[in-house]
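The model shown is predicted, which means the values in this text are computed figures rather than measured ones. Just so you know, these numbers use all the heavy atoms, side chains as well, and skip hydrogens, waters and symmetry mates.
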Amino acid sequence: MRYELFDFQKSAVKSLLGKTNSMQADNERDGALSSVSLTSPTGSGKTIIAAATVEGLFYGNDDFSGDSKASILWLSDSPSLNEQTLKRFADASDMLEPTTSMQSIGSEFAQGHQQLSPGTIYFLNRQLLSQKGLLVKGTEGGRTFYDVLTNTIEDPNTHLYLFIDEAHRGLGKNAIKDSVNRTIYSKVVDGQKGINPPAPMVIGISATPERFNNAMQDRIDRDTKASVKVSVADVRKSGLIKDTIELRSPKQESNSNRADLRQACLRLSESTKLWKDYSNDNKIPVVIPLLVVQVEDRISDKAIGDLCHSITKSLPELDNLMSFANVFGEHRDIVTDFAKVPYIQPEDVNSTTDVKVLFAKDAISTGWDCPRAEVIYSQRSRRDPTYIAQLIGRMVRTPLARRIETVEELNTVSCYLPEYDEDSVQEVVEHLKDDAITSAGQIIANPVRVGWFRNQPKPAETGESAAGDNGHTETAGSLKDTWSTPVKPSIDSGQSTNVGLSSSDASQESADTVPNRVSDKSINDSPANHGSYSDNSREPGLEERSNSTSNESTQPQNSQYPLVDYQDMQKIQTVFETINTRPIEKTDPDYFRDLLIMIDLISGSLNPNLDLNAALQTDFYKKLESLVLYHSEEFELAHKSVTTFVVSVKRIDPLTGDTIEEQEDTAPNDLEASMNAYTDALKKFSGGSDIGTGYINTYAEQHGDTQEAIWRFTAAMNTSIILKELGEWAKDQIDLLIAQYKTQRYIFSEEDRSKWDRIVGNVKPYVEGKTLIISAASTQQDSTNKTYPKHIICDEEGKAYIKLNDLEDAVVTTEISRPINVAWYRNTARNQNASLAIPYNLGGEWKPMYPDFIFFQKTKAGKIVPIIVDPHGDWLGDSIAKLKGYVNYLRDFPDTFGAVQAVADQSNGTVRYLDLMDSKVQEAIGQFTGDTAIDLFKGPLSNEYQIIK
């Protein structure tokens, strides 16, 4: 594979290959028919899993020897889906070549093929198997595809595996003799009497496989294997899919007919600016976001043109000829008086970055996805929640196949639903859950846009230069953001992006007063009526803006949600971003792979002049030679097994036929067997073939025998004790590199830091050297939650929308009432880069805990000091382990926090706390041997926590 698979993908491939091996063995033994499904949530990379499975079937891998007789028929209901899958297989695999091992079946395929060949995957769409199709009817006296299928299944030298893509579609129910209702799929799966036998082994691939599994279980004489399931939690952790789906709809009827469309355009522009900055900062190709406009089925060309006109009024730098496209089922170009909207193949949308706005009607196509599509504006009525949910499902994959750790907005897909109310939006949510799209993390209906002190006056108002929302420079014109002067928006990837007012409105806005923000009402209370847009209609929100007072330098002070002093805000950010966090990042360790990756990271970014690869090969040669000598007995046995093969010799009397003698003899392996064994040995190094070839070259130079060098290396890799100790050696090498270079972690790009942290997490209990990043904090909150003041992540009114339990609410209410506490932060596990993680050891396993609250206190001298107040259950089984974890952390970082209080409510209604900065308390926790912390919280070292109501 060209890609390094995630651990959950490797596990799925291994399990699926195990199932297919069992299915084939059953069929070969007694003709048993069987099926299995791969349940892979939306965005989990099921095509990558499938490609790796096909590779394993054809060529084998570390866990599977391969099936040299395997032939694959890949069946789907869409020609474009097959084309997309074939292309993805070719991109993902360095062994599946379109010209040699992959072939699309056309209408005349049967005329030129007797049967399907081993080592080839054939792509077929079910439309070609319709009764009128040439592939089924054939020419007069010629073969049909069912003849080809029969010849393949009946050939003992061919093992046919039928893969059904998007297997929840079109299977029908149990096969019934001569039933006219049998689907095309069932004719291939179940066979047809006198025409073709049933497919022996069927693999269904789907995010929602229930229909496939039910259909298979209902079939007579077909064994249904347990499904291979990919965990939603594993997919979410991988970063392959976006963290949040925003569903925005009007809270009530509005009086502006285009505010929602404008906000979608502004969101696109904001996303474009953020992606441009992020891409340039990390020196990667710029990601170009896409706006998908979903329209009704019977929309006119004029209405499409009017929409284009309205969009360009918000985004005037769009190219009328290049920036728009459609994926309508009619497959035709749309030319209006205002713009050209050509048809584009769905699979080409993601790579055609000139297209910034895409018009669609339904879910576009089965299996299609577009990672750069980040904003949806839908005109579909509330009768169509399925279409909207399906379209969102096509947009949840992350553009870089990883989470963006430092800019939370880039982990979100935003959907604007002007025709929907609160109840109908919930229908969309339910459809998203039914379609297994909940792996995309949280789904927020009508979220509140929040950011780093969002209610704080911006630099233009204060006269000082400062970080904007979430720590990056403020994007003018982002949703509900500041317009200090009228500016032209831009989504051109090569220019800086400022979004404000369209050029057509600039003169009017110059004369009118431009307030600092668009109110919540002007955004959320947009109209639900969407007819065609006329050129004379007002831009949304202008009336509200023109009625504001001029030269507003500060927001009205709300005593309930007060402003934080600007200087304090800057100090709080500095303090926040010096807090050390110790997340735990564990994956299935592969120390050779990780060692090679770490060397590449160091050589590429930290010390390019140091030839670490040469040093590694020298050390590896010395280590392997020492292990061969130390484990000589085991090595010699392995050496004999790979250099020779055993022959059974039986001597028989030619007259009587009696056995005279039986013995075993050995013969040397030939060159082909030698190279096969060597190739298998190299697989132990997860792509690090240079290590093996380096060893062989060095041995050959010193001993003059290349063949023996190959045998020697291969034998060592087949000696389990040597391989185990080499793994420990690789882990030790990683440890040495971490110790030498960990203080330079900050030099890496974000992507490389993630790789570094993953490797460190595999060899260390937790990641070290990592501090919090405020720009990684969540930028959406649920508007249905209770609001709190003084939170560092808030909306423009200073409100934070946070869900707390009773004790947590009491603690927050108490602490924010203290004048010394000027701000606070709700610490969650959602984003590792903005979450304080403190590791603790429970039963030999390291786990992370996340203190609930960090409060920021201002001393008389003006210094900002962070404290932790953590409501802590003294009844929990892991409470002591967590307290010990706190103590270890605080001893490593004694000067970070001014106070750390573990708070627990007692059964008698009192609330007590332990001062974890107190050395006596730390000592008592360290020596405590009980199961829970009840005695500590009731003992003399605890204090009563006074709740202020």
Return the set of residues passing side chain to side chain contact (heavy atoms under 4.5 Å, CB included) with [X] (not counting sequence neighbours), or none when no residue passes.
X: A834; result: A776, A777, Y825
X: S93; result: M1, E55, M95, L96
X: S749; result: N282, E751, D752

Side chain to side chain contact (heavy atoms under 4.5 Å, CB included) for I288 and R372? Distances and angles first, verdict last. CA-CA 6 Å; I288 309 297; R372 71 183 183 93; 4.2 Å; yes
Could you tell me which non-hydrogen atom of [X] sits nearest to which non-hydrogen atom of [Y], and how far apart they are?
X: P289; Y: W275; value: CG-CD1, 3.5 Å
X: Q9; Y: L240; value: NE2-CD1, 3.8 Å
X: A823; Y: I572; value: CB-CD1, 3.7 Å
X: I49; Y: V13; value: O-CG2, 3.6 Å
X: S271; Y: L410; value: O-CD2, 4.2 Å

Look at the rings of Y766 and W846 and say which category their plane angle falls in: under 30° parallel, 30 to 60° tilted, over 60° perpendicular.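 Judged by the thresholds at 30° and 60°, the geometry between Y766 and W846 is perpendicular.
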With under 30° as parallel and over 60° as perpendicular, where do the rings of Y889 and F897 fit, or are they tilted in between?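 Ring orientation, 0 to 90° scale: tilted.
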Flag the pair [X] and [Y] as a salt bridge only when some basic side-chain nitrogen lies within less than 4.0 angstrom of an acidic carboxylate oxygen.
X: E405; Y: K770; answer: no
X: K755; Y: D600; answer: no
X: E725; Y: K623; answer: no

Can you confirm whether [X] sits close enough to [Y] that some side-chain heavy atom of one is under 4.5 Å from a side-chain heavy atom of the other?
X: K237; Y: E585; result: no
X: F64; Y: T53; result: no
X: D243; Y: R403; result: yes
X: K46; Y: V230; result: no
X: F620; Y: L726; result: yes
X: L596; Y: L616; result: yes
X: L606; Y: L601; result: no

Expected list for residues 728-745: side-chain donor-acceptor pairs under 3.5 angstrom, two or more places apart:
from	atom 1	to	atom 2	distance (Å)
D735	OD1	K764	NZ	3.3
R745	NE	D757	OD1	2.9
R745	NH2	D757	OD2	2.8

Can W824 and V869 be said to form a side chain to side chain contact (heavy atoms under 4.5 Å, CB included), step by step? CA-CA 10 Å; W824 66 289; V869 182; over 6 Å; no
For Q617, give me all partners under side-chain hydrogen bond (donor to acceptor under 3.5 Å, both in side chains), at least two apart in sequence or on another chain.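 None.
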Of all residues at least two apart in sequence or in a different chain, which pass the side-chain hydrogen bond (donor to acceptor under 3.5 Å, both in side chains) check with D611?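 For D611, no residue satisfies side-chain hydrogen bond (donor to acceptor under 3.5 Å, both in side chains) once neighbours in sequence are set aside.
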Take V767 and W756 through the side chain to side chain contact (heavy atoms under 4.5 Å, CB included) test and state the conclusion after the steps. CA-CA 9 Å; V767 177; W756 176 275; 5.9 Å; no
Assess the side chains of S37 and S227: does a donor N or O sit below 3.5 Å from an acceptor N or O?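 The answer is yes; a qualifying pair exists.
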